[in-house]
Peer 1: 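Sharing a structure below in structure tokens format, with a few things to ask.
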Amino acid sequence: MSKIFERLADKIELWRREAKDILANGGEKVLSEITVSQAYGGMRGVRSLICDTSRVPQEQGLIVRGKPLKEIINISPEEVFYLLLTGELPDKTELENFSENLKTRKFVPDYVWNVLKAMPANSHPMTMLSTAIIVLQKESLFAREYDRGIRKEDYWKPTLEDSLNIVAKIPAIAAAIYRMSFNKGEIIEPDPDMDLTGDYVHMLGIENADKDEFNNLMKLYLVAHCDHEGGNVSAFANQTINSALSDVYYSLSGGFNGLAGPLHGLANQECLKFILETMEKFGDTPTKEQAEKQVKETLDSGKVIPGYGHAVLRVIDPRFEAFFDFGKKNFPDDPVFKTVEVFFNVVPNELKKVEKIKNPWPNVDAVSGSMLYHFGLREFSYYTVVFAVSRSLGLTAQSVMNRALMHPIIRPKSVTTQYVKNLIS
Ligand code: CMX
């Protein structure tokens, strides 16, 4: 058994005891009461899920296993994945062992490429990613072990195997989708010696990008998007599907389908489109007045300002701050980044004037696309795929946790409109 399995086996014993004690001593305590408005309003604020991989307090933003994002922005995706899985950062030996373990799993079977190549050339890159993951489902160890009658206490083990396999392979899949979708030439094979970030950058094969700086950006990107607690669309979808004991291939692919929505992960694509359209309209980086005009026109036409607002956050997203600082430090004069900055100085004031908007501040998507754009990754329909590569860390870790804690199938109760009418009459 490799080290990560031993480490988790110890932890899981403790976590199970803890959950048992909680239920024995406080099972009847009330976490949330649900109003009619909440039922009609996307269950906003209803506390009804357990997720230990990360939390998002509305005044702080992302905290991964107790560590605020700003404390971990310099670690690697491998370290953050280990943290998500175990609740602790690895020491040097553990990290080496974990990284080597992932390196042995990175090669992708040819049938995945054949399926992707057979798809229509104008398929959205997120459709290709979701398809690639679901096609790989035949590799699921969980599905195989379940058929063999594995004990419930051990479900987490093949779930972890599946998760490690997916996380190790996803950079190669995502890079191949980039090269296929945008006619970038042959797929570049993974390098068995490279880490997740380096290999992803290598396999994307973007010419003229400063490799070291792009590597630093990608490392930050993959860490900053890794997880965002359990209630967002992709996490909730992933968790619900996985709770039916559909394996991680099924659940992650389903979660990605949610991430592909314009109100969720696709917002980074929408946001860059908004920025580039503004730049085209005004000939260059807009002035403050021009940006204000653009924001007002967008709001008047009934559209949202992409990259602003959040279902949970009520402050500037710390992920936005991390990328914004990166841009300020490394390419403050990049015209696209400067446009992001102009909007940052304008949008919150405009959104504050709209009473119904609860959070006028930027979320991560307001800036993340401009980072990729700077390094020559300019096909913005691809941006959600990079987000998904990172989010695979959190979503698979959440699935491992759910099987570790033996959470049951998710099955809330719905009511009819008539039920509500009777209630309020
Ligand atoms: N521009 C214009 N209107 C906005 C807005 C924005 N950026 N943010 C919120 N609103 C509107 C909502 O559309 C809603 O209007 P209706 O009542 O007419 O439907 C109203 O303000 C209230 O919304 P809210 O309670 O403040 O926010 P929600 O929790 O309903 O929605 C979100 C959150 C993210 C979907 C919304 O802010 C939005 O659409 N933002 C733009 C898209 C975006 O950036 N998405 C990325 C989210 C990041 C992530 O997935 O992690």
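All values below were derived from every heavy atom in this structure, side-chain atoms included, with hydrogens, water molecules and symmetry-related copies excluded. Start at 1 and go down the list; that is how both ligands and their atoms are numbered.
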Peer 1: Tell me the contacting part of Ala311 for ligand 1: side chain, backbone, both, or neither, using a 4.0 Å heavy-atom threshold, strictly below.
Peer 2: both
Peer 1: Taking distance alone, with no angle check, do Ile305 and ligand 1 share an N/O pair under 3.5 Å?
Peer 2: yes
Peer 1: Mind checking whether Asn363 has an N or O less than 3.5 Å away from an N or O of ligand 1?
Peer 2: yes
Peer 1: Is any N or O atom of Leu263, backbone or side chain, closer than 3.5 Å to an N or O atom of ligand 1?
Peer 2: yes
Peer 1: For Gly307, take its heavy atoms, then give the atoms of ligand 1 lying under 4.0 Å from any of them.
Peer 2: 43 (C), 44 (O)
Peer 1: Evaluate the ring planes of Phe387 and His264, with Trp represented by its six-membered ring, and classify them as parallel (under 30°), tilted (30 to 60°) or perpendicular (over 60°).
Peer 2: perpendicular
Peer 1: Is atom 37 (O) of ligand 1 less than 4.0 angstrom from at least one protein heavy atom?
Peer 2: yes
Peer 1: Do the ring centers of Tyr250 and Phe142 come within less than 6.0 Å of each other?
Peer 2: no
Peer 1: Considering heavy atoms of the protein only, find what lies nearest to atom 26 (O) of ligand 1 and give residue, atom and distance to 0.1 Å.
Peer 2: Lys358 N, 2.9 Å
Peer 1: Atom CZ of residue position Arg16 - does it have more than 12 heavy atoms of other residues, nucleotides or ligands inside 6.0 Å?
Peer 2: yes
Peer 1: I need the atoms of ligand 1 closer than 4.0 Å to a non-hydrogen atom of Asp365, numbered in the order shown.
Peer 2: 46 (C), 48 (C)
Peer 1: Do the side chain of Gln38 and the main chain of Arg44 share a donor and acceptor less than 3.5 angstrom apart?
Peer 2: yes
Peer 1: Which residue and atom name correspond to the protein heavy atom nearest atom 40 (N) of ligand 1, and how close is it?
Peer 2: Tyr308 O, 2.9 Å
Peer 1: Using a strict cut-off of 4.0 Å, indicate which atoms of ligand 1 neighbour a heavy atom of Ala267.
Peer 2: 43 (C), 44 (O), 45 (N), 46 (C)
Peer 1: Mark yes or no for whether Glu297, through its side chain, and Gln294, through its backbone, hold a donor-acceptor pair below 3.5 Å.
Peer 2: no
Peer 1: For atom 3 (N) of ligand 1, find the nearest protein heavy atom and state the residue, atom name and distance (0.1 Å precision).
Peer 2: Ile357 CD1, 3.5 Å
Peer 1: Only heavy atoms of Gly309, strictly under 4.0 Å: list the atoms of ligand 1 that pass.
Peer 2: 37 (O)
Peer 1: Quick one: look up the protein heavy atom nearest atom 50 (O) of ligand 1 and list residue, atom name and how far away it is.
Peer 2: His264 ND1, 2.8 Å
Peer 1: Should we count CD of Glu59 as having more than 12 external heavy atoms under 6.0 Å?
Peer 2: yes
Peer 1: Checking contacts now, so for atom 12 (C) of ligand 1, which I'm interested in, is there any protein heavy atom under 4.0 Å?
Peer 2: no
Peer 1: Is it the case that the side chain of Lys338 and the backbone of Pro332 share a donor-acceptor pair, with hydrogens and angles ignored and the cut-off at 3.5 Å?
Peer 2: no
Peer 1: Taking the side chain from Asn330 and the backbone from Phe326, do they hold a donor-acceptor pair closer than 3.5 Å?
Peer 2: yes
Peer 1: Any donor-acceptor pair under 3.5 Å linking the side chain of Lys106 with the backbone of Asp191?
Peer 2: yes
Peer 1: Heavy atoms only: which of Val304, Val295, Leu313, Asn268 lies closest to atom 2 (C) of ligand 1?
Peer 2: Val304
Peer 1: Are any of the N/O atoms in Gly265 less than 3.5 Å from those in ligand 1?
Peer 2: no
Peer 1: Is a side-chain donor or acceptor of Gln290 paired with a backbone partner of Thr287 at a separation under 3.5 angstrom?
Peer 2: yes
Peer 1: Looking at Lys3, is its backbone amide N or carbonyl O close enough to the side chain of Glu94 to form a donor-acceptor pair, meaning the two atoms are under 3.5 Å apart?
Peer 2: no
Peer 1: Can the ring centres of Phe182 and Tyr178 be said to be less than 6.0 Å apart?
Peer 2: yes
Peer 1: If the contact criterion is a heavy-atom separation under 4.0 Å, does Leu299 count as touching ligand 1?
Peer 2: yes
Peer 1: Suppose we measure from atom 31 (O) of ligand 1 to each protein heavy atom; which comes out shortest, and what is that distance?
Peer 2: Arg44 NH2, 4.3 Å
Peer 1: Using atom types as modelled and distance alone, determine if a side-chain donor or acceptor of Glu350 lies under 3.5 Å from a backbone N or O of Val347.
Peer 2: no
Peer 1: I'd like to check whether His228 has a polar contact with ligand 1, where a contact means an N/O of the residue lying under 3.5 Å from an N/O of the ligand.
Peer 2: no
Peer 1: What part of His310, side chain from CB on, backbone N/CA/C/O, both or neither, has a heavy atom under 4.0 Å from ligand 1?
Peer 2: both
Peer 1: Can you tell me the protein heavy atom closest to atom 23 (O) of ligand 1 and the distance?
Peer 2: Lys356 O, 4.2 Å
